[in-house]
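Worksheet: the structure to be examined is printed underneath.
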Amino acid sequence: MGHIFSQYLADPAITPDYTKGPTFDPLYGFPEGRKERVMLATLEEMESVQLPLDKRDYCAHLAIKNRACREREWPLVYKCAHEKHEYLNCEYEDYVLRMKEHERERRLLERAKRKAQKDAHEELD
């Protein structure tokens, strides 16, 4: 079942809002810290090659490399299979990372709800 439908079926208190940023500290649960994600392509580079807005993400540097290869090798674009594979693999890894972040947020919301219920139950006793 897709994310949009699960929004309606799941408990809204434990379903993260994908339109907003994370509500918990990104370093919570990572004692040694996390590797920061860095954009390798600059805004000027993306604008100079007229990269579409939907491709301006953490894999933009590979999209630029793939486009350059396709323009260079046209009409024999099969020679750019390696660049295309690198780009698609990066997109997949980015998708997996975003899904992991969504699941982490959901689990932390669940935990916060359980703790609130436990505290409320202890207050009544």
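Being a predicted model, the structure only gives us computed values, none of them experimental.
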Residues E71 and K65 bridged, charged N to O under 4.0 Å: no
Tell me whether K113 is salt-bridged to E110, with the criterion being a basic N under 4.0 Å from an acidic carboxylate O. no
Kindly compute the distance separating [atom1] ([X]) from [atom2] ([Y]), expressed to the nearest 0.5 Å.
X	Y	atom1	atom2	value
L124	D119	CG	CG	11.0 Å
K100	H102	NZ	NE2	15.0 Å
R37	D57	CZ	CG	8.5 Å
L62	L40	CG	CG	8.0 Å

Shortest non-hydrogen contact from E105 to P16? CG-CB, 3.6 Å
Heavy-atom neighbours of [X] [atom1] exceed 12 at 6.0 Å:
X	atom1	answer
R104	CZ	yes
Q50	CD	no
F30	CZ	yes
R107	CZ	no

Apply salt bridge (Lys or Arg N to Asp or Glu O under 4.0 Å) to the pair R98 and D94, showing each step before the final yes or no. CA-CA 6 Å; R98 285 184 286 121; D94 182 51; 3.3 Å; yes
State, yes or no, whether a side-chain contact exists between L51 and R67 at a heavy-atom distance under 4.5 Å. yes
Sidechain-backbone polar pair: E45 side chain, T42 backbone, donor-acceptor under 3.5 Å: yes
